[in-house]
S.K.: 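First, the structure itself, so that you have it in front of you.
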Amino acid sequence: MGKLVGFCSMASTLFLIMGVLPLALARGHDYGEALSKSILFFEAQRSGYLPDNQRVKWRGNSGLFDGKANGVDLVGGYYDAGDNVKFGLPMAFTVTMMSWSIMEYGNQMGASGELSHAMDAVKWGTDYLIKAHPEPHVLYGEVGDGNTDHYCWQRPEDMTTSRNAYRIDQNNPGSDLAGETAAAMAAASIIFRRSNPTYSRELLTHAYQLFDFADKYRGKYDSSITVAQKYYRSVSGYADELLWAAAWMYKATSNEYYLDYLGKNGDVLGGTGWAMTEFGWDVKYAGVQTLVAKFLMAGNAGGNAPVFGKYQEKAEFFMCSCLGKSSQNVQTTPGGLIFRQRWNNLQFVTSASFLLTVYSDYLTSAGKNLHCSSGAVAPSELLSFAKSQVDYILGDNPRATSYMVGYGSNYPQQVHHRGSSIVSVKVNPSFVSCRGGYATWFSRKASDPNLLTGAIVGGPDAYDNFADHRDNYEQTEPATYNNAPLLGILARLHGGHNGYNQLLPVEISVAKPIAVQPKPNPVKETPFSAPIAIEQKTTTSWVANGKTYYRYSTIVTNKSGKTIKNLNLSVSKLYGPLWGLAKSVSGSYGFPTWVSSLPAGKSIEFVYIHSSSPAEVSVSSYTLA
């Protein structure tokens, strides 16, 4: 089981020119294959009754009496790493990061046929978290304990170790655990909003209760669940989780209470003060700073803009430190890998790379650059660095070793993982005893009998060295939170940007059902000139504070046989924010800063939101090249 937190990665040159892939994404790795395998890993980590569509066939049912001694059903969920304990804090973080990956890059996952598998992986986690939260102010944060579990080497189907469950409540608080679980529930509620609205509302109900619990009864969870201290100690405390949870609550509900919470508590809880060079299951500051920077760039800050600007400064410090362009930079190995610590270093690499990736896309959508102490940095540089980290993991490193099990031809064969290293119960159902597992299987100097496909192991040391030995748990043990952020990056690298503006609001209230359906709008084409067609349509609507808001998508298509330059559009009767175009001093709109021309047959999209009929869009001028 891994320790501590994570670092940075990067984003991309995104062109809203539909159908054109950025050159930065020319790839030598099969990111689609890596994405499929990274999702499959979660099925190997499942606890409980396995479903009929289980694809990892060497696993069987396990932990079927979890929670029974405590009078609660805690069957299900995920084992965190190579052991058989269910730790609530890293499990919730895993769910949050998988949900964020889907939120940003679900379209790309869908195009590769992996979206349903990713959604299933999230739901396996949230189904358990719902069980672990049986009362508003009660949350179970661990099943089993690391001490007795580590004394034994058994596959999960044979467990004879303690399955005691540990909880937090009003008298034994744990704001970090409750806050992270609130974040997980809120984030997951967003991705299930359309496909399973009833389930989404259930998740949001738990999120509301858990945030209230975390904020009202404050304390560190490992002071209440002391058996977790040796394995997942809350070094950063709970302040970061309170802000992290508030950010996800705002994203899920659009309730300005949570936006104001971030504004009012940014200083006192450290969101505007901590300049971080790591991000992961313990330290969330860089993550919340990235989210708040997104709110600011999307125009959602309102009166909190000055405070949110301070959050963004810290977010950009993180990004710059990863790129080596800050006053305090992250350490890298000679081969170029971010390095934080010997024990499970790759958790920092994948988490940081995810933040770099989404922030690159946020900046590109806003038409902005990253500002480092060394000067301005283009968003594409963020994505390129993130890609370099992923490519290192997949084998572009001094050892030519893939640190994803089952990807490439040279990957770890002796993974520190009980289930993988012991013959499958489906092949040999003979009972494997607690200490017998060590004698027969742990000490066995041979490849694992079961392939732990997609697992990201701990990875190399500060000098790019790696020893593929089962007892080398610092380097060969995998973890769910190593993989979770990687889903989004791999989907982005495989599918490209997909022409989507990453700043478009997803914070649409789901507390109440949408009462007003989108009005169908006829196609509107500009009468100005046949070479340019403009099509508008309503994509969604919602009710907030008694007012109906509409999101409009506008597609501008070059129907001529030549390239269009110097395009100027007139947009009148617009009563809300617009994304995807650059506004000139004269008030007209032109190409966004990352687009200089529109080739023949290509289109650009821009969107706007207001509580009225479609704005009037027409062509003022253009030139043909």
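Below, all heavy atoms of this structure are taken into account, side chains as well, without hydrogens, waters or symmetry copies.
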S.K.: Suppose the criterion is salt bridge (Lys or Arg N to Asp or Glu O under 4.0 Å): which pairs have a residue in residues 392-405, not counting sequence neighbours?
M.R.: none
S.K.: Is the backbone N or O of Leu486 less than 3.5 Å from a side-chain atom of Thr350, with the two atoms forming a donor-acceptor pair by type?
M.R.: no
S.K.: Got a donor-acceptor contact below 3.5 angstrom from the Arg201 side chain to the Arg193 backbone?
M.R.: no
S.K.: Please assess Val358 against Trp100 for the test side-chain contact (heavy atoms from CB on, under 4.5 Å), listing each intermediate value before the final yes or no.
M.R.: CA-CA 10 Å; Val358 296; Trp100 195 358; 4.2 Å; yes
S.K.: Report the distance from atom CG of Leu296 to atom CG of Asn304, rounding to the nearest 0.5 Å.
M.R.: 10.0 Å
S.K.: Mind checking whether Gln389 and Leu337 have side chains closer than 4.5 Å, heavy atoms only?
M.R.: yes
S.K.: Supply the atom-to-atom distance Ser101 OG to Ile489 CD1, rounded to the nearest 0.5 angstrom.
M.R.: 7.5 Å
S.K.: Is any side-chain heavy atom of Phe42 closer than 4.5 Å to a side-chain heavy atom of Thr94?
M.R.: yes
S.K.: Hey, are the side chains of Asp464 and Pro398 touching, using non-hydrogen atoms and a 4.5 Å cut-off?
M.R.: yes
S.K.: Indicate yes or no for a side-chain donor-acceptor contact from Thr126 to the backbone of Ala188 under 3.5 Å, with no hydrogens or angles considered.
M.R.: no
S.K.: Kindly say whether Leu355 contributes a backbone atom to a donor-acceptor pair with the side chain of Thr290 at under 3.5 angstrom?
M.R.: no
S.K.: Is the shortest side-chain heavy-atom distance between Met119 and Ile102 below 4.5 Å?
M.R.: yes
S.K.: One pair to check against ring pair (Phe, Tyr, Trp, His ring centres under 6.0 Å): Tyr481 and Phe93. What are the steps and the verdict?
M.R.: CA-CA 7 Å; Tyr481 44 88; Phe93 177 71; 7.3 Å; no
S.K.: Please examine the side chains of Tyr403 and Tyr392, heavy atoms only from C-beta on, and report whether any two atoms are closer than 4.5 Å.
M.R.: yes
S.K.: Consider only side-chain N and O atoms of Gln289 and Tyr359, and report whether a donor and an acceptor are under 3.5 Å apart.
M.R.: no
S.K.: Measure from the side-chain N and O atoms of Tyr311 to the backbone N and O of Leu262, and report whether any donor-acceptor pair falls under 3.5 Å.
M.R.: yes
S.K.: For the residue pair Tyr31 and Val390, establish whether any side-chain heavy-atom pair is separated by less than 4.5 Å.
M.R.: yes
S.K.: First locate atom CG of Leu259, then atom CZ of Phe308, and finally report the distance between them rounded to the nearest 0.5 Å.
M.R.: 4.0 Å
S.K.: Quick check on the 6.0 Å ring-centre criterion: do Phe295 and Tyr250 meet it?
M.R.: yes
S.K.: Would you mind listing every salt bridge (Lys or Arg N to Asp or Glu O under 4.0 Å) that reaches into residues 305-318, with sequence neighbours excluded?
M.R.: Asp267-Lys310
S.K.: When you check the gap from the basic side-chain N to the acidic O, do Lys284 and Glu278 get nearer than 4.0 Å?
M.R.: no
S.K.: Output the distance between atom CG (Asn107) and atom CG (Leu115), rounded to the nearest 0.5 Å.
M.R.: 8.0 Å
S.K.: On the 0 to 90° scale, with breaks at 30° and 60°, tag the Phe354-Tyr105 ring pair as parallel, tilted or perpendicular.
M.R.: perpendicular
S.K.: At their closest point, which heavy atom of Met109 faces which heavy atom of Ala491, and how far apart are they?
M.R.: CG-CB, 3.7 Å
S.K.: Kindly give the heavy-atom pair with the smallest separation between Ser38 and Met404, and that separation in Å.
M.R.: CB-CE, 3.9 Å
S.K.: Please check if the side chain of Glu43 supplies one atom and the backbone of Arg55 the other of a donor-acceptor pair under 3.5 Å.
M.R.: yes
S.K.: With a 3.5 Å distance limit and no angle check, can you tell me whether Thr563 reaches the backbone of Pro599 through a side-chain donor-acceptor pair?
M.R.: no
S.K.: Report yes if some heavy atom in the side chain of Trp244 is under 4.5 Å from a heavy atom in the side chain of Leu291; otherwise report no.
M.R.: yes
S.K.: Quick one: NE2 on His494 to CD on Glu114, what's the gap to the nearest 0.5 Å?
M.R.: 9.0 Å
S.K.: How far apart are the closest heavy atoms of Gly406 and Leu451, and which atoms are they?
M.R.: CA-CD2, 4.3 Å
S.K.: On a heavy-atom basis, which atom in Ile338 and which in Val349 lie closest, and how many Å separate them?
M.R.: O-CG2, 3.4 Å
S.K.: Step by step, would you call Leu624 with Ile564 a side-chain contact (heavy atoms from CB on, under 4.5 Å)?
M.R.: CA-CA 5 Å; Leu624 293 176; Ile564 290 177; 3.6 Å; yes
S.K.: Side chain of Gln328, backbone of Ser321: donor and acceptor closer than 3.5 Å?
M.R.: no
S.K.: Look at the side chain of Tyr407 and the backbone N and O of Asp30, then say whether any donor-acceptor pair between them is shorter than 3.5 Å.
M.R.: yes
S.K.: Run the numbers on Tyr622 and Ile532 for side-chain contact (heavy atoms from CB on, under 4.5 Å), then give the verdict.
M.R.: CA-CA 10 Å; Tyr622 64 93; Ile532 300 176; 3.5 Å; yes
S.K.: Just so I know, are the side chains of Ser326 and Phe317 near enough to count as touching, which here means a heavy-atom distance under 4.5 Å?
M.R.: yes
S.K.: Could you go through Leu493 and Lys387, starting from their C-alpha distance and side-chain angles, then the distance that decides it, and tell me whether this counts as side-chain contact (heavy atoms from CB on, under 4.5 Å)?
M.R.: CA-CA 8 Å; Leu493 293 175; Lys387 179 178 179 295; 4.1 Å; yes
S.K.: Closer than 3.5 angstrom, by distance alone: can the side chain of Thr272 be matched with the main-chain N or O of Gly266 as a donor-acceptor pair?
M.R.: yes
S.K.: Between Thr557 and Glu535, do the side chains contain a donor N or O and an acceptor N or O under 3.5 Å apart?
M.R.: no
S.K.: Which of parallel (below 30°), tilted (30 to 60°) and perpendicular (above 60°) describes Tyr608 and His610?
M.R.: perpendicular
S.K.: Can you measure from CG (Leu394) to OG1 (Thr401) and round to the nearest 0.5 angstrom?
M.R.: 12.0 Å
S.K.: Give me the atom names and distance for the closest heavy-atom approach of Pro379 to Lys368.
M.R.: CG-O, 3.3 Å
S.K.: Using every non-hydrogen atom in the two residues, find where Ile456 and Asn483 come nearest and quote the distance to one decimal.
M.R.: N-OD1, 3.1 Å
